[in-house]
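A quick write-up on the structure given underneath.
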Amino acid sequence: MVRLQKYLAHCGVASRRGAENLIQQGRVSVNGVVISEMGVQIDEANDRIEVDGTLVEPEKKMVYVLLNKPVGYVTTVSDDKGRNTVMDLVADIPVRIYPVGRLDYDTEGLLLMTNDGDLTYRITHPKNNVEKTYEAEVTGNISMNTLLQLRNGIMLDGVKTSPAKVEVIGATRLGTKLEITIHEGKNRQVRRMFEAVGCVVKKLKRTREAGLILGHVPLGRWRKLTEAEVNMLKKIGTGKKSSAQVSREKFGHTKYKKRK
Ligand code: URA
């Protein structure tokens, strides 16, 4: 239970004093009954509060989190096999947030989580071509011919994957380390692309998505996105380019200002 004027202020309708004025003016109703005296208590979960006939609701606080997902967690809210889920890793956040897209159980790295359903829809919608970059450690050596095959597209389920950016970035004990950037989200796409050219992915880590960079967030930990990052994401699907996107197109990478 909460006092009516406090609830109105909490919902951003007016200041407490302003809310008292609205009540005195007979503009506020609770469950259809106009309230004009002060101090009425309401049940915010069940009562219907209106000002000038318009429903008043608490502003929903949007939360945007970048999680460094470890291997061994499923990217779902619950798991019928009883495995750990990414929800366990954000249990300390008081607001319920959800994963944006998927990472396999055996993939680690950048996973965006939010309660902003509209943004989730725009990031995951194929028409918006949101780029995702992975570091992949694969078995064997990669010839120039294989690299070109991966870049040009691989047939998966009878459909060719879109052109990808693929670079060799090192050698490992078992084979080769590559960076691959795709903008589709077919099931286990990166693993299956490498399988199709005869390599097995031994380790897969997402390092970038939609202009966000994993950076130094420890494995299993999360950080809130900055305001600039949220604003950048909100441009997706609007036809406007974010400065990070302009920078990527111009320089091939995102230019960041040094933190002071
Ligand atoms: N591609 C994969 O194969 N696995 C992932 O988790 C993401 C992309």
Side-chain angles (χ1 to χ4, degrees), residues 1-67 69 73-102 111-128 130 210 212 221-240 242:
M1 298 290 279
V2 59
R3 281 161 80 95
L4 181 55
Q5 58 266 51
K6 188 173 174 192
Y7 178 76
L8 292 172
H10 172 70
C11 294
V13 172
S15 64
R16 289 258 193 116
R17 178 65 58 83
E20 286 171 4
N21 289 338
L22 290 173
I23 294 168
Q24 272 163 358
Q25 290 161 13
R27 294 168 61 188
V28 181
S29 67
V30 177
N31 301 326
V33 177
V34 172
I35 303 290
S36 47
E37 73 271 23
M38 290 309 130
V40 168
Q41 300 271 338
I42 57 127
D43 172 355
E44 65 264 59
N46 294 309
D47 289 339
R48 182 180 174 87
I49 319 300
E50 291 172 343
V51 172
D52 297 333
T54 303
L55 179 67
V56 173
E57 287 175 295
E59 275 176 44
K60 192 174 167 203
K61 195 175 178 306
M62 295 297 182
V63 176
Y64 305 89
V65 159
L66 185 161
L67 171 73
K69 175 198 167 303
Y73 286 80
V74 280
T75 316
T76 48
V77 172
S78 64
D79 184 53
D80 47 14
K81 295 190 191 125
R83 293 174 295 182
N84 295 324
T85 84
V86 289
M87 303 304 283
D88 303 336
L89 299 168
V90 293
D92 47 343
I93 298 176
V95 177
R96 191 125 169 106
I97 55 172
Y98 304 91
V100 178
R102 271 174 299 142
L111 182 71
L112 181 60
M113 296 184 75
T114 182
N115 55 349
D116 184 339
D118 177 53
L119 188 78
T120 300
Y121 173 79
R122 284 187 284 129
I123 291 181
T124 51
H125 199 293
K127 75 169 185 214
N128 290 326
V130 169
L212 299 173
R221 306 295 289 271
W222 56 267
R223 70 163 173 89
K224 283 203 173 150
L225 296 195
T226 64
E227 211 180 311
E229 286 172 325
V230 173
N231 290 337
M232 171 183 79
L233 295 181
K234 285 188 172 168
K235 296 215 167 95
I236 292 172
T238 62
K240 291 183 204 147
S242 68

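Nothing fancy with the numbering, it's 1 onward along the sequence.
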Would you sort out whether L212 and E229 count as a side-chain contact (heavy atoms from CB on, under 4.5 Å), showing the intermediate values? CA-CA 7 Å; L212 299 173; E229 286 172 325; 3.8 Å; yes
Among residues at least two apart in sequence or on other chains, which ones pass side chain to side chain donor-acceptor pair (under 3.5 Å) with E227? none
From CA spacing to verdict: side-chain hydrogen bond (donor to acceptor under 3.5 Å, both in side chains), Y73, D88: CA-CA 9 Å; Y73 286 80; D88 303 336; 5.9 Å; no
Atom of T124, atom of G101 and distance for their closest heavy-atom approach: CG2-N, 3.7 Å
Check the pair M38, Q24 against side-chain contact (heavy atoms from CB on, under 4.5 Å), reporting the backbone distance first and the verdict last. CA-CA 8 Å; M38 290 309 130; Q24 272 163 358; 3.6 Å; yes
Between D47 (side chain only) and I49 (backbone N and O only), is there a donor and an acceptor less than 3.5 Å apart? no
Any chance you could measure T75, atom OG1, to K69, atom NZ, to the nearest 0.5 Å? 5.0 Å
Contacts of H10 meeting ring-ring contact (aromatic ring centres under 6.0 Å, His included) (sequence neighbours excluded), chain-then-number -> none
Please report the interatomic distance CG(N31) to CG(N46), rounded to the nearest 0.5 Å. 9.0 Å
Correct closest heavy-atom pair for E44 and V2 would be OE1-CG1, 3.7 Å
Salt bridge between E20 and R3, side-chain N to carboxylate O under 4.0 Å? no
What I want to check is whether the side chains of N115 and Y98 have a donor and an acceptor closer together than 3.5 Å. no
Quick one, I123 and L112 - any side-chain contact, counting heavy atoms below 4.5 Å? yes
Atom CG in N128, atom CZ in R122: separation rounded to 0.5 Å? 8.0 Å
Roughly how far, to the nearest 0.5 Å, is the CG atom of L22 from the CG atom of D52? 7.0 Å
Least distance between heavy atoms, Y7 atom then E57 atom: OH-CA, 4.0 Å
I23 CD1 to S29 OG distance, which is reported to the nearest 0.5 Å: 11.0 Å
Taking all atoms of both residues into account, what is the closest heavy-atom pair of M113 and I97, and its distance? CB-CD1, 3.7 Å
With rounding to the nearest 0.5 angstrom, report the OG1 to NE2 distance, T120 to H125. 13.5 Å
